[in-house]
Amino acid sequence: MRQVFPVVVVVAVIVALWYLACVPMNIHTALTDAERAGVAVTPEGAAVRRDMSAIGLALANPGQWGDTLAQDKPRLPAPHQVVAELWDTTVEKKVTSKRSLIYHGWVTLSATLLGFAIGTVAGIVLAVGIVHSRAMDMSVMPWAIASQTIPILAIAPMIIVVLNSVGVQGLVPKAIISAYLSFFPVVVGMVKGLRSPDAMQFDLLRTYSASRGETFWKLRLPASVPYLFASLKVGIAASLVGAIVGELPTGAVRGLGARLLTGSYYGQTIQIWSALFATAILAAILVALIAGMERATLRRMGLGR
Amino acid sequence: MTLVAAALVLWALLWLLNVRLANGSASGTRAVQLGVPLIFGLTLLVMWELIVRGLNVPGVILPAPTEIVARISRETPTLWADFRQTFLKGALSGYAIGCTAAFLTAILIDRSDFLRRGLLPVGSFVAALPIVGTAPILVMWYGFDWQSKAAVVVLMVFFPMLVNIVAGLSETTQMQRDQMKTWAASYWQGFWKLRLPAAMPFIFNGLKISSTLALIGAIVAEFFGSPIVGMGFRISTSVGQLALDMVWAEIVVAALAGSAFYGIVALIERWVTFWHPSQRR
């Protein structure tokens with residue numbers, strides 16, 4: 001209870017601030033609509049109001065506050081509108097419907113998971129190579145580290161279009177971007193992990209006359225597991241971002257990124273916000289899943305707290 | 001075909017050279033440590049060039065490095081204008097605002113235990129979310145120009161910074177804090193003389209992570225709408241025109257800007273936290 005109470009208070013404050021912010025954000029359109037419907041507002045005339053501050057307008061027209069929370073295309077949708085849209089597009093719609101967020105979420109999720117799997121496996125393989133070959137370590141490692149400072153996402157549109165022009169479409173290009181983004185965190189984390197046993201432990205295995213393979217399976221790999229999970233958590237979040245950004249440039253019609261894009265084209269703010277919350281929920285679930293796996297694995301290995 | 005064969009032979013030769021260098025007696029020297037990755041990078045570039053020319057790969061799929069360099073030298077004014085719009089205006093201003101805001105919030109959190117227990121879990125939760133997704137909303141609110149990009153960057157850097165600064169501020173031991181108390185140090189004296197310096201490694205870790213995020217945020221936000229200048233705008237329109245050499249040119253600029261930004265932050269870190277074990281040589 002001591003843990004949860006402050007979090008609940010902070011979240012409640014955020015929601016309250018959000019409701020408060022809705023009033024000035026949406027007051028201009030609310031007043032225009034009200035005037036059209038024949039309600040007296042102060043001051044009259046949209047042209048007069050255009051240059052007035054939103055907060056001043058909101059204070060002058062307390063009667064219209066309710067309207068600011070129930071618009072079709074608000075500048076800032078109220079929390080209950082977003083929740084209603086989320087409910088409507090996940091539970092009420094059929095899963096196969098083009099308007100179902102579960103359908104769009106699945107499109108993005110499948111690309112994310114495929115890319116994440118490819119990136120993780122490739123990253124682990126490269127890390128094993130780096131740890132065992134000095135030449136590879138010295139050649140590749142500086143580039144792997146330097147590449148993390150590069151805005152890799154900038155390449156996303158090009159990958160999509162190039163693969164499209166050679167005939168690869170749909171899931172795979174997005175998965176490649178996801179794989180690319182989750183690849184480097186895994187490489188760097190795994191290299192660190194595979195090197196984490198100290199000299200004493202390596203010496204002990206030497207006294208047992210263990211071969212390189214045995215050292216790898218019995219010492220290096222188990223020692224690297226905590227590091228692997230730490231980078232997996234970074235990697236899966238990066239994969240999701242990669243899949244979403246991968247959906248932007250081609251004007252894709254399916255996926256959460258496409259929902260964001262079409263929402264911004266047509267000014268469907270509620271759709272954008274609900275897609276945004278869907279990505280947030282998806283990311284939270286994925287990270288929580290990995291964290292759960294981490295806890296279970298580490299406990300089995302006797303490393304858990 | 002001969003060019004492709006030449007590329008493969010070259011690969012084998014230079015790889016052998018690298019293996020010799022890495023396992024040779026001189027492998028510990030600084031020259032070799034710098035040389036090996038450089039040779040590797042150069043090998044990749046030359047192979048790229050030879051294979052693209054050897055197999056006649058069309059420029060709309062993969063342009064050769066020399067074409068990209070030619071494009072960079074031809075379009076320098078455009079690239080500079082894009083760099084100014086996206087990096088200097090969008091990314092840097094957002095970075096500065098976001099980091100400052102995170103710093104002030106961190107001090108607030110630090111002063112109140114209730115806020116720490118309430119805001120920190122929310123903060124680390126938000127730090128793991130795909131915040132780039134807020135770009136369409138912020139573009140709608142702040143218009144197409146750099147202000148909306150700066151706003152995206154502020155959101156992107158705020159939470160990683162916040163989590164890192166708060167973690168850093170709790171880095172001192174009870175013993176050290178008690179020592180400050182016995183000297184009757186006020187909160188701010190303890191803050192400036194003990195806890196802020198101790199937090200510096202964490203703060204710089206956050207600053208380095210954020211430097212990459214800032215550039216990504218500024219570029220991706222431009223995919224949702226921008227004036228007719230900017231790196232993200234140029235990338236998305238050039239992709240549409242299949243001018244891939246221009247796309248690559250922008251990517252080179254973005255990569256250089258990103259690593260330079262990171263490098264500068266890392267240099268300042270070395271200067272500020274010279275006392276930390278990770279900086280000793």
Side-chain angles (χ1 to χ4, degrees), chain A residues 2-3 5-11 13-14 25 75-76 133-143 146-158 160-162 165-166 233-234 237 240-241 244-245 248-249 256-257 260-261 263-264 267 269 272-273 275-276 279-280 282-284 287, chain B residues 15 18-23 27 32-33 36-37 39-41 60-62 114-119 121-122 125-126 128-130 132-137 139-141 208 211-212 215-216 219-220 223-225 231-232 235-236 239-240 242 244 247-248 250-251 254-255 257-259 261-263:
Chain A
R2 252 178 69 84
Q3 301 269 314
F5 178 65
V7 178
V8 171
V9 170
V10 165
V11 171
V13 168
I14 291 174
M25 286 295 278
R75 285 183 77 194
L76 176 64
S133 151
R134 230 184 120 63
M136 245 174 115
D137 175 24
M138 291 180 75
S139 317
V140 181
M141 206 51 193
W143 293 107
S147 73
Q148 294 202 306
T149 68
I150 296 170
I152 298 171
L153 275 181
I155 309 185
M158 194 180 55
I160 301 276
V161 168
V162 166
S165 69
V166 294
K233 278 191 274 187
V234 178
L240 185 63
V241 174
I244 290 169
V245 174
L248 299 180
L256 292 172
L260 286 177
L261 198 65
S264 88
T269 37
I272 302 182
W273 280 86
L276 195 61
T279 56
L282 195 57
V287 173
Chain B
W15 184 249
N18 260 356
V19 171
R20 290 287 289 275
L21 276 176
N23 295 324
S27 80
V32 173
Q33 261 168 7
V36 170
I39 292 175
F40 181 73
V60 294
I61 291 180
L62 187 65
F114 183 80
L115 275 183
R116 188 210 313 273
R117 278 185 285 130
L119 210 52
V122 179
F125 172 71
V126 178
L129 300 182
V132 217
T134 56
I137 297 162
V139 169
M140 207 174 282
W141 287 356
K208 285 197 280 191
S211 71
T212 323
L215 201 47
I216 291 178
I219 291 178
V220 172
F223 294 160
F224 287 99
M231 292 157 89
I235 287 174
S236 53
V239 161
L242 290 178
L244 284 199
V247 179
W248 277 100
E250 288 287 354
I251 290 171
S259 6
F261 193 9
Y262 188 94

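What you see is a predicted model; the values in this text were computed from it and never measured. In what follows, every chain begins at residue 1, and chains take the letters A, B, ... in the order their sequences are listed.
Both the backbone and the side chain of B:L119 come within contact range of chain A, judged by heavy atoms closer than 4.5 Å. Contacts between B:Y262 and chain A at a heavy-atom distance below 4.5 Å involve the side chain alone, from C-beta outward. If you measure heavy-atom distances from A:A283 to chain B, the contacts under 4.5 Å come from the side chain alone. With a 4.5 angstrom heavy-atom cutoff, B:L62 does not touch chain A via any of its atoms. For A:L76, the parts lying near chain B are the backbone and the side chain together; criterion is any non-hydrogen pair under 4.5 Å. Contact annotation for A:V11: only side-chain heavy atoms (C-beta onward) come within less than 4.5 Å of a heavy atom of chain B. Contact of B:V220 with chain A is made through the side chain alone, with heavy-atom distances under 4.5 Å. In this structure, chain A has heavy atoms under 4.5 Å from both the backbone and the side chain of B:V32. Contacts between A:V10 and chain B at a heavy-atom distance below 4.5 Å involve the side chain alone, from C-beta outward. The contact between A:T269 and chain B is made entirely by side chain atoms (from C-beta outward), counting heavy-atom distances below 4.5 Å.
Here the closest non-hydrogen pair linking B:F223 and B:G232 is CE2-O, 3.4 Å. When every heavy atom of B:W141 is checked against every heavy atom of A:M25, the shortest pair comes out as CE2-CE, 3.3 Å. Across all non-hydrogen atoms, the minimal contact from B:P130 to A:A280 is CD-CA, 4.5 Å. Annotation for B:R117 and A:V7: closest pair O-CG2, 3.5 Å, computed over non-hydrogen atoms. Nearest approach of B:F40 to A:V140, heavy atoms of both residues: CZ-CG2, 3.9 Å. Closest of all the heavy-atom pairs between B:V36 and B:N18 is O-ND2, 3.5 Å.
Once rounded to the nearest 0.5 Å, the distance linking CZ of A:R134 with OG of A:S139 reads 10.5 Å. The CG atom of A:L256 lies 6.5 Å from the CG atom of A:L282; values are rounded to the nearest 0.5 Å.
The choice from B:P136, B:G240, B:S211 that makes the most heavy-atom pairs within less than 4.5 Å of chain A is B:P136. Each of B:G263, B:A255, B:A257 has some count of heavy-atom pairs under 4.5 Å with chain A, and the biggest count is that of B:A255. Heavy-atom pairs under 4.5 Å with chain A were tallied for B:I219, B:L244, B:I61; the largest tally goes to B:I61.
Side-chain contact between B:L21 and B:I39 is present, with at least one heavy-atom pair separated by less than 4.5 Å.
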